[in-house]
There are 2 protein chains.
Amino acid sequence: VKYGVTRDSVLGLEVVLADAQVLHTGGRTVKNVAGYDLTRLFVGSEGTLGVITAATLRLRAKPLTPPVTFLATFTRLSDVGGAVAAIIRSGAQPSLLELLDRATVNFIEDYRPMGLDRNVAGLLIGQADDSGADEHANRMMAECRANGADTVVHSTDQLEADMLLEARRAAGPATLAQGTTIIEDVAVPRGRITDLLTRAEEVAAECGVQIACMGHAGDGNIHPSIIVPEPTTALLERAHRAAEMIWREALDLGGTVSGEHGIGTLKRSWLSAQLDATSYAVHQALKSALDPLGILNPGKAF
Amino acid sequence: VKYGVTRDSVLGLEVVLADAQVLHTGGRTVKNVAGYDLTRLFVGSEGTLGVITAATLRLRAKPLTPPVTFLATFTRLSDVGGAVAAIIRSGAQPSLLELLDRATVNFIEDYRPMGLDRNVAGLLIGQADDSGADEHANRMMAECRANGADTVVHSTDQLEADMLLEARRAAGPATLAQGTTIIEDVAVPRGRITDLLTRAEEVAAECGVQIACMGHAGDGNIHPSIIVPEPTTALLERAHRAAEMIWREALDLGGTVSGEHGIGTLKRSWLSAQLDATSYAVHQALKSALDPLGILNPGKAF
C-alpha cells in the first residue's frame, strides 16, 4: 500500500499491435510527458489493445531497516473499518494493512490451525517499514486501540513478523478450500470500508448465503467471497444476486467493481454498471482505433 | 521526488469531449482496474483529446515530523551526478533533491545575493521528511561526502531549512533575469545525470553559448537553460543547435525531451525525434478516434 500498485512501477512497454507492428512506450526515466501516456493505456487493458511482450519496471532500493508487523483484533466488525480510516487520516504510512473477518479467520483455522481466536469479529494485520517503522507502527497500533481493538500485538523480530503474516497468506487457499466461491474485488474510498462490510453482512442475511470478507484494507480493496458449498442452480442464483448487491453498494460508495483482478469474462456485466454510455463509447472508440478488426482477446473486458 | 509526479495523484477526471459529451474517468478509490486507464490518457494530453473541467485528487496526510534539509557543494560537476546516483542506489529516500550548477549559482548571486560560493562547480539541496528524516538525510549527506562534496550543511530548524531552500526558489527568476532563454526539460535515467551535465558543457563550448543547468536531480529531470542575452538571428541559431544537441544526448542516454513541461509548440520537432513511426501512428489513431475533426487544441503537442 505504501509503494502503490504495480502499474505505478511500469516505466515502459513493448507491445505487439493488431497489425503486427511493435510499439515501444515510455522509457527509462521517472518523469516523462512527451506524448500520450501509452504505457498506462496498455497496462490493465487485458490484451484487448495489443500483446505486451516486454516491460521496463522501476526498481526501488531495499528499505534501510526491516519492517515492524502488528496484529489487532476487534469484537465489532464496524470498528475494523473505523480503525483503517483513522490510520489513513493519522498520517501513519502502512507498508501493508490487511483485513480478515470472522468467517475468514475460521476458514484459516479449519485449513491450518494457528491458534487464531475464532470469535473475533475481524482483525487487521499491519506493517510499517524503513527508518520510521517504529513510530509509524506505534501510531497505527494506537489508532487501533482508540478505535475498539481488544488485543494488539507486534513483532520484535523477523520470525514473529512472519508468524503474524502467515494468517494473511493462508487466507486465500483457506477460503477456496470451502468450495465454489465467487470472489468479488470491489474497492471503495478508504473511509467507507465499514459501510461495505456492514452491507456485506446484510446481503448475506438477505440472500441466505455465506460471505467472507478479506482484503487490502489500506487500499480500500476488499474481496467479499460468496461461498457456495453445494453449487445448485438455486444457490448459485442467490450467490450471483448477492454479488450484484455488493458491487452496487461499492459503486454507491464511490468505488469500483474491480480494484485489481480486472474484468475478464466474469465481470463484464458488472463493468456496464460502473461505466456510463459516454465512457463506454470512448472505450469502444479506442478499441476500434487500435484493433479495427476486433482480433485482440475478443469478448474480454468490455 | 518521494511522492511521485502530479499525475500519480489524479484519481479521476471530468472531461468535455470533442462532441461536447461529458466524460467521467476513474473515481475516488486508490485502486481501480475497471476498464482502460482513461484518466492517465487525458492527463498530459495537452488539451488535444478533450477539455479537462474537473479533477479528483488523492490527498496525503501531513508527514508525522518536519523535514531535514541539507546543502552540499562540489568542486567537480561530475561529482554532483555521481552523488545523486549514489543516493538513489543507497535506499535513502529524498523528499526533495535539487541541483544547481555554477552558472545558476552566479545568476542567483547577481539577482539576490545570499552569500553562495560563486566558485562551486555545483551544489545539491536535499530534503528528507517523515519519521526517518534524520537517518535518510544522514545517509544522503554521507553519500555526498563519499562522492566528492566539499561542504555539507544541514538545517536544525525550519528557519534554517527555509534559508537553504531559498537558493533553489530563486534559481528560476534569476535565470530568466539573464535575458532570453531556451529552457530545456530533458530527463534521463537517474544514474546518467553526469553524462548529461558533461555533454551540456561540451555543447556550450562547441556552440559558443552559455548553458546553465538546474533541476530535479532526484527525478533525473534537468533544465539546461541556454542563455541568449542578445537575441540576434545568429545567436538564436546557435542556441537552437545547442538545444538540439542536448536533447539528442538525453535520448541517447535513454531519456526524454520533456520530463514535466510538455510539448506544446516549441518542442513539437523534438518529439518527433523521440517517438518512432509506430508510436506516432498510435498517437494519431487515438487523436483521430477522440477528435475526428481536429478541433481540440490544433497544432499542439504532436
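- Ranked by non-hydrogen atom pairs under 4.5 Å with chain A, the options B:Arg40, B:Glu260, B:Arg28, B:His216 are led by B:Arg40.
- Using a 4.5 Å cut-off between heavy atoms, A:Leu23 touches chain B through backbone and side chain atoms alike.
- Comparing B:Leu253, B:Thr25, B:Val188 by heavy-atom pairs within less than 4.5 Å of chain A, the highest count is held by B:Val188.
- The shortest heavy-atom contact between A:Thr29 and A:Leu11 is O-CD2, 3.4 Å.
- In B:His283, the NE2 atom is crowded: over 12 heavy atoms of neighbouring residues, nucleotides or ligands sit closer than 6.0 Å.
- Interface residue A:Arg58: only side-chain heavy atoms are found under 4.5 Å from chain B.
- Interface remark: A:Ala34 contributes backbone and side-chain atoms alike to the contact with chain B (heavy atom separation under 4.5 Å).
- Looking at A:Gln274, only its side chain comes within 4.5 Å of chain B, counting heavy atoms on both sides.
- For A:Arg89, the part lying under 4.5 angstrom from a heavy atom of chain B is the backbone only.
- A donor-acceptor pair under 3.5 Å is absent between the side-chain atoms of B:Lys31 and the main chain of A:Val5, judged by distance alone.
- Atom CD1 of residue A:Ile52 and atom OG of residue A:Ser45 lie 5.5 Å apart, to the nearest 0.5 angstrom.
- Residue contact with chain B, scored on non-hydrogen atoms closer than 4.5 Å, is absent for A:Ser288.
- Proximity to chain B is limited to the backbone of A:Ile88, based on heavy atoms less than 4.5 angstrom apart.
- Between chain B and the residues A:Ala281, A:Gly259, A:Ser258, the largest count of heavy-atom pairs under 4.5 Å involves A:Gly259.
- Nearest heavy-atom pair across A:Val1 and A:Leu97 is CG1-N, 4.2 Å.
- For chain A, no part of B:Ala301 is nearby; none of its heavy atoms comes within less than 4.5 Å.
- In this structure, B:Leu296 CG and B:Asp291 CG are separated by 4.0 Å, a value rounded to the nearest 0.5 Å.
- The line from CD of B:Gln21 to CG of A:Asp276 is 8.5 Å long, rounded to the nearest 0.5 Å.
- A:Asp219 CG to A:Arg190 CZ: the interatomic distance, rounded to the nearest 0.5 Å, is 7.0 Å.
- Residue A:Pro189 touches chain B through both its backbone and its side chain, counting heavy-atom pairs closer than 4.5 Å.
- Among the candidates B:Arg192, B:Lys267, B:Lys287, B:Arg7, the residue making the largest number of heavy-atom pairs closer than 4.5 Å to chain A is B:Arg7.
- At least one side-chain heavy atom of B:Tyr36 sits less than 4.5 Å from a side-chain heavy atom of A:Thr48.
- Using cut-offs of 30° and 60° for the angle between ring planes, the A:Trp247 and A:Trp270 rings count as tilted.
- Interface remark: of the candidates B:Thr39, B:Leu38, B:Asp19, B:Leu275, B:Leu38 forms the most heavy-atom pairs closer than 4.5 Å to chain A.
- Neither the backbone nor the side chain of A:Val15 comes within less than 4.5 Å of any heavy atom of chain B.
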Between B:Met140 and B:Gln93, is a side-chain contact (heavy atoms from CB on, under 4.5 Å) present by the stated rule, with each step listed? CA-CA 8 Å; B:Met140 287 193 272; B:Gln93 277 274 335; over 6 Å; no
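- Only the backbone of A:His261 comes within contact range of chain B, with at least one heavy atom under 4.5 Å from a heavy atom of that chain.
- Residue pairs meeting the ring pair (Phe, Tyr, Trp, His ring centres under 6.0 Å) criterion with at least one partner in residues 8-34 of chain A, sequence neighbours excluded, are absent.
- Proximity of B:Asp185 to B:Asn221: side-chain heavy atoms (C-beta onward) are separated by under 4.5 Å at one or more points.
- Contacts from residues 127-136 of chain B to chain A, taken as heavy-atom pairs separated by less than 4.5 Å, involve B:Asp130, B:Ser131, B:Gly132, B:Glu135, B:His136 in sequence order.
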